[in-house]
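Heads up: the structure comes next, in structure tokens.
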Amino acid sequence: MSKPKIAVVIGSTRATRFADVPAEWITKLAAKHSEWDVELVDLRDYPMPFFDEPASSLWAPSRNEVAQRWQKKVDEFDAFIFTASEYTHGPSAVLKNALDYAYTEWNRKPVGFVGYGGVGGARSIEQLRLHAIELQMVPVRTAVHIVWADYMAVKGGTKLSELEHINQAAEDMLNQLSWYTRALKAARDADLATADVEAA
């Protein structure tokens, strides 16, 4: 079985976004787990229009070239971590749009979340869990919630790596993600092997 690949997806494209801070921090933590390769993926590099296709890519190929490039990128990975900001009690529109622009590429893969905001992005993450399940993903139980006090501490010069409760939540989330990554990749690889035998 090849080494799994995990993507840390920066879920905001705003010029003044905070997302780079938690994204870079969780990428470094995830990279300490030697069982997988980690890549930081920035939605700024995939400027897709708001969903404007005849149908989901489940039913018809996407016409937009950036969307096609995004789908190929998503397909490279075995697991995901999304940074999740919270706007009006929900996730950023650009992250929801990125989810909508792929389908089979997300299937049977685990996902974890690093949220931030007034209640640590909790309401955003709850909605993203529902979206993930519809995409046949497996959201892990533990998420990282950077609440307002943590956010202000970081703005004041404290590093996320210095906040013990944040780091403990991250390790719990990464351990759960690691287990599901191994289990689901093994199952997907077995399905591919069976399909190859049947096609021979």
Side-chain angles (χ1 to χ4, degrees), residues 6-47 50 74 77 79-100 106 109-135 137-181:
I6 180 173
V8 175
V9 180
I10 303 178
S12 172
T13 57
R14 294 177 62 211
T16 58
R17 70 186 184 188
F18 175 72
D20 296 282
V21 175
E24 291 170 6
W25 162 76
I26 197 65
T27 297
K28 290 178 181 178
L29 280 182
K32 292 180 180 179
H33 290 240
S34 60
E35 73 268 24
W36 52 33
D37 292 323
V38 184
E39 182 178 335
L40 190 61
V41 178
D42 194 339
L43 290 182
R44 285 177 177 170
D45 296 329
Y46 299 89
F50 285 112
V74 171
F77 299 102
F80 303 88
I81 298 171
F82 297 134
T83 65
S85 54
E86 186 172 308
Y87 305 135
T88 54
H89 289 210
S92 66
V94 71
L95 180 53
K96 176 58 167 64
N97 194 53
L99 290 170
D100 290 342
W106 299 117
K109 298 176 183 179
V111 59
F113 302 96
V114 177
Y116 57 92
V119 289
R123 294 165 297 209
S124 173
I125 290 172
E126 284 302 301
Q127 292 188 33
L128 288 166
R129 289 182 191 280
L130 296 175
H131 302 321
I133 291 168
E134 177 60 23
L135 293 167
M137 301 180 80
V138 179
V140 300
R141 180 182 183 276
T142 299
V144 178
H145 298 283
I146 302 169
V147 299
W148 189 252
D150 300 325
Y151 172 83
M152 293 305 295
V154 172
K155 285 292 189 179
T158 300
K159 296 180 180 178
L160 285 172
S161 59
E162 298 171 350
L163 299 174
E164 181 57 33
H165 62 288
I166 295 293
N167 284 273
Q168 183 59 59
E171 284 301 327
D172 290 347
M173 184 264 287
L174 289 170
N175 287 335
Q176 293 169 25
L177 193 66
S178 174
W179 191 95
Y180 279 104
T181 299

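What you see is a predicted model, and the numbers here were worked out from it, not measured in a lab.
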Between Thr181 and Ile6, is the side chain to side chain contact (heavy atoms under 4.5 Å, CB included) condition met? List the steps. CA-CA 9 Å; Thr181 299; Ile6 180 173; 5.7 Å; no
Checking side chain to side chain contact (heavy atoms under 4.5 Å, CB included) for the pair Val144/Ile146: CA distance, chi angles, key distance, verdict? CA-CA 6 Å; Val144 178; Ile146 302 169; 4.3 Å; yes
Show, in sequence, the C-alpha distance, side-chain angles and deciding distance for Tyr46 and Val41, and conclude whether the side chain to side chain contact (heavy atoms under 4.5 Å, CB included) test is met. CA-CA 9 Å; Tyr46 299 89; Val41 178; 4.1 Å; yes
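Residues satisfying the side-chain hydrogen bond (donor to acceptor under 3.5 Å, both in side chains) criterion with Glu171, sequence neighbours excluded, are His33. Taking Asp20 as the reference, Arg17 meet the salt bridge (charged side-chain N to carboxylate O under 4.0 Å, His left out) condition, with sequence neighbours excluded. Scored by the side chain to side chain contact (heavy atoms under 4.5 Å, CB included) test, Val74 finds Trp70, Phe80, Glu105, Trp106 as partners (sequence neighbours excluded). Judged as a salt bridge (charged side-chain N to carboxylate O under 4.0 Å, His left out), and not counting sequence neighbours, the contacts of Asp100 are Lys96. Checked against side-chain hydrogen bond (donor to acceptor under 3.5 Å, both in side chains), Gln168 has the following partners two or more places apart in sequence or in another chain: Asp172. A search for side-chain hydrogen bond (donor to acceptor under 3.5 Å, both in side chains) contacts involving Glu35 returns Ser178, not counting sequence neighbours. In this structure Gln127 satisfies the side-chain hydrogen bond (donor to acceptor under 3.5 Å, both in side chains) test with no other residue, sequence neighbours excluded.
Rounding to the nearest 0.5 angstrom, the gap separating the CD atom in Gln176 from the OG1 atom in Thr142 is 3.5 Å. One finds the CZ atom of Arg129 at 12.0 Å from the CE atom of Met137 (value rounded to the nearest 0.5 Å).
Taking the side chain as every heavy atom from C-beta outward, Leu99 and Leu128 approach each other to under 4.5 Å. Between Leu174 and Ile81, some side-chain heavy-atom pair lies under the 4.5 Å cut-off.
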Donor-acceptor pairs under 3.5 angstrom involving side-chain atoms of residues 22-32: please list them, not counting sequence neighbours.
unit_1, atom_1, unit_2, atom_2, d
Trp25, NE1, Asn167, OD1, 3.4
Thr27, OG1, Ala23, O, 2.6

Cut-off 3.5 Å, no hydrogens considered: what does the side-chain donor-acceptor table look like for residues 7-16, sequence neighbours left out?
unit_1, atom_1, unit_2, atom_2, d
Ser12, OG, Arg14, N, 3.4
Arg14, NH2, Thr16, OG1, 3.2

Donor-acceptor pairs under 3.5 angstrom involving side-chain atoms of residues 110-125: please list them, not counting sequence neighbours.
unit_1, atom_1, unit_2, atom_2, d
Arg123, NE, Glu86, OE2, 2.5
Arg123, NH1, His89, NE2, 3.1
Arg123, NH2, Glu86, OE2, 2.8
Ser124, OG, Ser85, O, 2.9

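Listed by first and then second residue, the side chain to side chain donor-acceptor pair (under 3.5 Å) pairs involving residues 145-157 are Asp150-His165 (not counting sequence neighbours).
A 6.0 Å sphere centred on CD of Glu162 holds more than 12 heavy atoms belonging to other residues, nucleotides or ligands.
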